[in-house]
Enquirer: 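Have a look at this one before I ask anything.
Protein chains get the first letters and strands the later ones, always in sequence-line order, with residue 1 at the start of each. Everything quoted here is computed from the prediction, not taken from an experiment.
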There are 2 protein chains.
Amino acid sequence: MKERSQRRPEPSASPLRLVHETWGDHEALLARTRTVSGGRLGQVDTRSLTVATPDAPLELQRGGVLRHVDVAFETYGTLNEAGDNAILICHALTGSAHAAGVHEGGQVPGWWDPLIGPGKAIDTDRWFVVSSNVLGGCYGTTGPSSVDPEGGERYGPSFPRYTIRDMVHVQKRLVDALGVTHLASVIGGSMGGMHVLEWAALYPERVGSIVPIASCARHSAWAIGLNEVARRAIASDPAWQEGRYAPDAQPESGLGLARAIAMLSYRSHDSLEAKFGRERVSSERHAGAVEGGSRSDELSRALSVGFEIESYLAYHGVQLSRRFDANTYLYLTRAMDEHDVAEGRGRLADVLAAMTMPALVMGIDTDVLYPEREQRILVEHMPNARYEVLRSPHGHDAFLIEFPQLAAQLRRFLSSLS
Amino acid sequence: MKERSQRRPEPSASPLRLVHETWGDHEALLARTRTVSGGRLGQVDTRSLTVATPDAPLELQRGGVLRHVDVAFETYGTLNEAGDNAILICHALTGSAHAAGVHEGGQVPGWWDPLIGPGKAIDTDRWFVVSSNVLGGCYGTTGPSSVDPEGGERYGPSFPRYTIRDMVHVQKRLVDALGVTHLASVIGGSMGGMHVLEWAALYPERVGSIVPIASCARHSAWAIGLNEVARRAIASDPAWQEGRYAPDAQPESGLGLARAIAMLSYRSHDSLEAKFGRERVSSERHAGAVEGGSRSDELSRALSVGFEIESYLAYHGVQLSRRFDANTYLYLTRAMDEHDVAEGRGRLADVLAAMTMPALVMGIDTDVLYPEREQRILVEHMPNARYEVLRSPHGHDAFLIEFPQLAAQLRRFLSSLS
């Protein structure tokens, strides 16, 4: 019932906004340019596939219906005849389908490029790798920033409510359409790890193994609280207009502040101290970077002190506000907050115990957002799981930074799969 | 040169806004009503003293001058003839001079009431206890929310920049005026601990011992970052009006959001999980508590999920915005960020090594804002310091909650003073 319109978008006319920003940080960017092992994928394209139509609508967990869903995705490697050599990669909150390789004319490789390619840990000589932008995202998959084909207007805040589970149903339609009969592994960090767990719960017969990284079985009060203050930062920006802002006039200040709050939870006390300490920016640069150059001296004095950490948070806020949609940020963080792999399935321990496929669970020793304790809950109940810790000063973001450790663990785990 | 106008404010005409809110949390409130040991102080008053006049102005560390400074303070116990049985208590960011006892008609005792009183750990039968609102605060001491006597208008953002060191100079003028010749101890948590360290550096000959609790020698990048996003939350509220809001129209939304962000750092992942987990508020209560009851269903769906943690953060934000001045929050957090006890004094290790008085340094095992590591830096270099840890699930706020542990440590330490 799915229409397959696997068209390549025209660079100029494409509805896709391709990722030219790094999701993580300077270290991540540098790390990506290092080759962990193996060769490069070279140029890749983000493609688009229609997976829901009026004839085959997508019914959502909370009751809404979508009559048209396009999914943006990339694939690397070749699907075998049996369709069973596939690996699905799941991205985090502000990530995209662009996990590896480079786009035409682009300089920045995908967010996990050091791990995916010929001879790399996720070896595209052996595996057919699929990476897709989540349902409700803003990198090509239908979401709040898309135009409603039935009304001709952007959905904005009228987009229906969706969950992590709904996102996985869309991924399922995608891999079915691609001819994948079996996923040798589903792999993802942070929000991507939530997709991994939902796959194991929804389609255990289709999933050969799972690798949830720095994620959780259900969102904690602490993580919900952080998302809540970020949402309030967006909604407090008058430019948000209760979600009905124009595409070129989004609440940049509010989204930037939301990102700055989140950045503090993605890092750790020690990593920020080691990187910035009490270093100050030059007063000239400070005036431009932190205050936008337009504030009076008096206000500048009242608002900020001119430390590098302030400049860093402001920079990351501005970067995100240029590449991400504010309403999408509200929807996705809410979906993360609602994430509970046991919802409607009984006791969490039993739900996890039913995940009998081999599992590699990875935590980060300095992660304050999804601490190791939350990873150990998974391992404790999954009958066939192994726990490995990433040692890093970088906090939660380590899953986008510590490529040599990730590569070693993934290579060992994937090699062990029959 | 100081004018002594130790008048009791008239309840109706007083310029003081007395604290009727608890600084901390429900647990703190409950804990305060428990008597740790000893008797009660009963009714106390916040008094006011002028410590800077045009003839004796206050010159500030960053170059400004204040020609009129009133200090709000309370005292408990009796000063002896030698004037050397005094203990100074220093409050945290949103605290006040009201550390113990109850005000006339008030129900809520001071923020450290279980520790201060006849026979209690800080025994007012032995000690003359002084507690004052900091320079630049909004609980009676001259600050951004005060009226400039020379211009007749509220200072607002034109108030001069001040530092932790300036606050200590004001405390010094206060204790001098009260006839105190020697401080047997200076005690404080969080921002109050910064005052404690500055006292030891500025007036070592006047300070017999120090007790810094859950504080730091210099503000970390992490703590600065948290304050910075809180300041941006305030400045992003259109009601802030670049600091020139009317007294009855302050940026409540922005200040509330700043408080919500801070609350997450005052607690810990585990304490919030234990207290709230994924509990949801009833939809009726949720509509009122989180959204103010005025948002459309659509927006309510887009913004929040209805978890108890969201309601808790919103509640604390509203509470603070009713009792605290937004500009003062900007100024005080900036002063904390600039705190570095070694500024202008050489190497930190040497500055701490020169603090030879007995010191009781206390940390909290779950504090993510001022982690134990930062307390150990103090103990490592101070020649006469002992470290004690408060074990608590409550994170940074434990210094306002764990009264039995605090009482035991303070009692032992103060008893040992000659």
Enquirer: Can you tell which part of Arg373(B) gets under 4.5 Å to a heavy atom of chain A, answering side chain, backbone, both or neither?
Expert: side chain

Enquirer: Side chain, backbone, both or neither: which part of Leu272(B) has a non-hydrogen atom closer than 4.5 Å to chain A?
Expert: both

Enquirer: Quick check: closest heavy atoms across Arg278(B) and Asp337(A), and the distance to 0.1 Å?
Expert: NH1-O, 2.8 Å

Enquirer: Atom NE2 of His219(B) and atom CZ of Phe307(A): how far apart are they, to the nearest 0.5 Å?
Expert: 9.5 Å

Enquirer: Which residues pass the side-chain contact (heavy atoms from CB on, under 4.5 Å) test with Asn327(B), not counting sequence neighbours?
Expert: Pro144(B), Pro157(B), Trp240(B), Tyr245(B), Asp325(B), Leu330(B)

Enquirer: Is Ile234(B) close to chain A through its backbone or its side chain, or both, or neither, when contacts mean heavy atoms under 4.5 Å?
Expert: neither

Enquirer: Using side chain to side chain donor-acceptor pair (under 3.5 Å) as the criterion, list what pairs up with Arg218(A), not counting sequence neighbours.
Expert: Asp340(A)

Enquirer: Name the option with the most non-hydrogen atom pairs under 4.5 Å to chain B; the candidates are Leu313(A), Val368(A), Leu257(A).
Expert: Leu257(A)

Enquirer: Which value, rounded to the nearest 0.5 Å, describes the distance between Tyr370(A) atom OH and His269(B) atom NE2?
Expert: 9.0 Å

Enquirer: List the atom of Val229(A), the atom of Leu264(B), and the distance in Å for their closest heavy-atom pair.
Expert: CG2-CD1, 4.0 Å

Enquirer: So for Ser271(A), is it side chain, backbone, both, or neither that comes closer than 4.5 Å to the heavy atoms of chain B?
Expert: neither

Enquirer: Go through Ala223(B), Pro371(B), Ala230(B), Ser236(B) and name the one with the most non-hydrogen pairs under 4.5 angstrom from chain A.
Expert: Pro371(B)

Enquirer: Provide the closest heavy-atom pair for Ile224(A) versus Glu310(B) in the form atom of the first, atom of the second, distance.
Expert: CG2-CG, 4.2 Å

Enquirer: Can you name the closest pair of heavy atoms from Ala221(A) and Phe276(B) and give their distance?
Expert: CB-CB, 4.1 Å

Enquirer: Examine distances only and state if a side-chain atom of Arg232(A) and a backbone atom of Ala233(B) form a donor-acceptor pair shorter than 3.5 Å.
Expert: no

